[in-house]
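First comes the structure, then the notes that go with it.
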There are 2 protein chains.
Amino acid sequence: METRTATTIFESLSSGWRLEAFRLLVRQGPEGMVAGDIASALDISPSSLSFHLKALAHAGLVSVEQEGRFQRYRANIPLMLDLIAYLTEECCSGQPEKCADLRAASCCPEAVLPPIPADDGKP
Amino acid sequence: METRTATTIFESLSSGWRLEAFRLLVRQGPEGMVAGDIASALDISPSSLSFHLKALAHAGLVSVEQEGRFQRYRANIPLMLDLIAYLTEECCSGQPEKCADLRAASCCPEAVLPPIPADDGKP
DNA sequence: TCTTCATTTCAATAGTTGTTGAAGCGTTGT
DNA sequence: ACAACGCTTCAACAACTATTGAAATGAAGA
């Protein structure tokens, strides 16, 4: 992933409204949600929500599909996972022993960082 | 994690300089890096770097320690992992079958999302 | 003590972001 | 055709963010 792509995504998650909207859509899964329902759930004006959804869509974090007179939004979960991979890749330059303590500090680290490769002694 | 905390972190990763600095520190691991070396590595002015490191520190993503006349910065990896957990929690409202296709779309999804609990038929 | 060095702080400036309410656009139902 | 609906776009404005270079701070060595 390019730096530019990642910063655009982070920027899109840097507002409370946008983060809440995205999390709502992640919770909703493939079903997604139409704009009006998101606005009701977050208690935000349609115009303001539209502004924020546009930023999320521009970053690629949500997709839109027209459905009659509604606009249905869905979270782009694969992109979210790519972002996480980008953020965690090359942690401690791939020297797992340096990472061990840091990994242990989180509740379920092995679910998040790439697995520590077993050292089989080969070059 | 509170929304406010998360948006502050995302905001701190929404600039190219800050994201590059943080990734550099993640790669560096517990050893960290002094400000001057970060500035050289990124080819940025000390004053501008200081501004950006301050934002990362304010978000809690990096820590600083004085070392003689140097300032040593280190990535806060546990916080990074907490953020990831916050972002991925409750994906598809915990109904894994809805998530299956989305997980499959990423290169190594089981390393990133919480494991899918086996359905043993119990209530 | 005086100088040098590493880094941060400050002030000025230019550019960007978010909110509001009104207007616009396409879709649906009468 | 018309009105109602759902949503987006627009313009104006206030608030915030980043960059620059100069000045300040504080530690180390002569």
Side-chain angles (χ1 to χ4, degrees), chain A residues 3-25 28 31-76, chain B residues 3-25 28 31-76:
Chain A
T3 301
R4 184 67 194 283
T5 310
T7 54
T8 303
I9 297 173
F10 286 128
E11 209 284 320
S12 80
L13 293 172
S14 72
S15 123
W17 293 124
R18 292 195 294 262
L19 180 55
E20 287 303 313
F22 178 68
R23 277 166 57 81
L24 190 54
L25 291 173
Q28 217 62 17
E31 194 189 327
M33 246 176 137
V34 300
D37 290 349
I38 302 175
S40 308
L42 301 184
D43 194 21
I44 183 183
S45 79
S47 145
S48 193
L49 178 65
S50 184
F51 171 84
H52 291 299
L53 287 174
K54 194 178 174 182
L56 285 167
H58 176 243
L61 268 186
V62 306
S63 61
V64 209
E65 191 187 1
Q66 183 145 1
E67 204 174 285
R69 44 176 130 172
F70 301 85
Q71 300 289 125
R72 182 166 296 270
Y73 286 86
R74 289 182 182 87
N76 180 352
Chain B
T3 301
R4 184 67 193 283
T5 310
T7 54
T8 303
I9 297 174
F10 286 128
E11 208 283 321
S12 80
L13 293 173
S14 72
S15 122
W17 293 125
R18 292 195 294 262
L19 180 55
E20 286 304 312
F22 178 68
R23 278 166 55 83
L24 189 55
L25 290 173
Q28 217 62 17
E31 193 188 329
M33 244 175 138
V34 300
D37 290 349
I38 302 175
S40 308
L42 302 184
D43 194 21
I44 183 182
S45 81
S47 147
S48 192
L49 177 66
S50 183
F51 171 83
H52 291 298
L53 287 175
K54 195 178 174 182
L56 285 167
H58 176 244
L61 268 187
V62 305
S63 61
V64 208
E65 192 186 1
Q66 184 147 0
E67 205 176 283
R69 43 177 134 173
F70 301 86
Q71 299 289 124
R72 182 166 296 270
Y73 286 86
R74 290 184 182 85
N76 181 350

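Protein chains get the first letters and strands the later ones, always in sequence-line order, with residue 1 at the start of each. Just so you know, these numbers use all the heavy atoms, side chains as well, and skip hydrogens, waters and symmetry mates.
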*Hey, what do you get for OH (A:Y73) to CG (A:D37), rounding to the nearest 0.5 Å?*
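A:Y73 atom OH to A:D37 atom CG measures 13.0 Å (nearest 0.5 Å).
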*Would you state whether a donor and an acceptor, one from the side chain of A:S50 and one from the base of D:dT9, lie under 3.5 Å apart?*
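No, the side chain and the base share no sub-3.5 Å donor-acceptor pair.
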*Base D:dG21 to side chain B:S45, donor-acceptor N/O within 3.5 Å cut-off*: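 Check fails, no donor-acceptor contact within cut-off.
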Does [Y] offer a backbone N or O that forms a donor-acceptor pair with the side chain of [X] under 3.5 Å?
{"X": "B:Q66", "Y": "B:G68", "answer": "yes"}
{"X": "B:S50", "Y": "B:P46", "answer": "no"}
{"X": "B:R18", "Y": "B:S12", "answer": "yes"}

Phosphate oxygens OP1/OP2 of [N]: is one of them under 4.0 Å from a side-chain N or O of [X]?
{"X": "A:H52", "N": "C:dT17", "result": "no"}
{"X": "B:S48", "N": "D:dT19", "result": "yes"}
{"X": "B:Y73", "N": "C:dA6", "result": "no"}

Just how far, in rounded Å, is [atom2] of [N] from [atom1] of [X]?
{"X": "B:R72", "N": "C:dT8", "atom1": "CZ", "atom2": "C1'", "value": "18 Å"}
{"X": "B:K54", "N": "D:dT25", "atom1": "NZ", "atom2": "C1'", "value": "14 Å"}
{"X": "A:L53", "N": "C:dT19", "atom1": "CG", "atom2": "P", "value": "13 Å"}
{"X": "B:Q71", "N": "C:dA6", "atom1": "CD", "atom2": "C1'", "value": "8 Å"}
{"X": "A:F70", "N": "C:dC25", "atom1": "CZ", "atom2": "C1'", "value": "16 Å"}
{"X": "B:L49", "N": "C:dT9", "atom1": "CG", "atom2": "P", "value": "12 Å"}
{"X": "A:L19", "N": "C:dG18", "atom1": "CG", "atom2": "P", "value": "13 Å"}
{"X": "A:I44", "N": "C:dT20", "atom1": "CD1", "atom2": "C1'", "value": "12 Å"}

_So if I apply the side-chain hydrogen bond (donor to acceptor under 3.5 Å, both in side chains) rule between A:R74 and each of A:Q28, A:E31, A:E65, which one comes out positive?_
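Among the candidates, only A:E65 passes.
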_Considering all heavy atoms, the nearest A:L53-A:V62 contact_ =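 For A:L53 versus A:V62, the nearest heavy atoms are O-CG2, 4.1 Å.
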*B:F51, nearest nucleotide to its side chain (from C:dG21, D:dA18, C:dT8)*: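 Closest nucleotide to the B:F51 side chain: D:dA18.
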*asked:* By nearest atom, which of the nucleotides D:dA4, C:dT8, D:dA27 is closest to the A:R69 side chain?
replied: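 Minimum distance to the A:R69 side chain belongs to D:dA4.
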*Where along residues 56-67 of chain B does a heavy atom come under 4.0 Å from DNA chain C, residue by residue in number order?*
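Within residues 56-67 of chain B, no residue comes under 4.0 Å of DNA chain C.
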*Does the pair A:I38 and A:L25 meet the rule for a side-chain contact (heavy atoms from CB on, under 4.5 Å), with working shown?*
CA-CA 9 Å; A:I38 302 175; A:L25 291 173; 4.1 Å; yes
*Touch class at under 4.0 angstrom, heavy-atom based, for A:R18 against every strand present*: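 Sugar-phosphate, backbone atoms only, no base.
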*5′-ward residue of the pair A:W17/B:P46 relative to DNA chain C*: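 On the 5' side of the pair lies B:P46.
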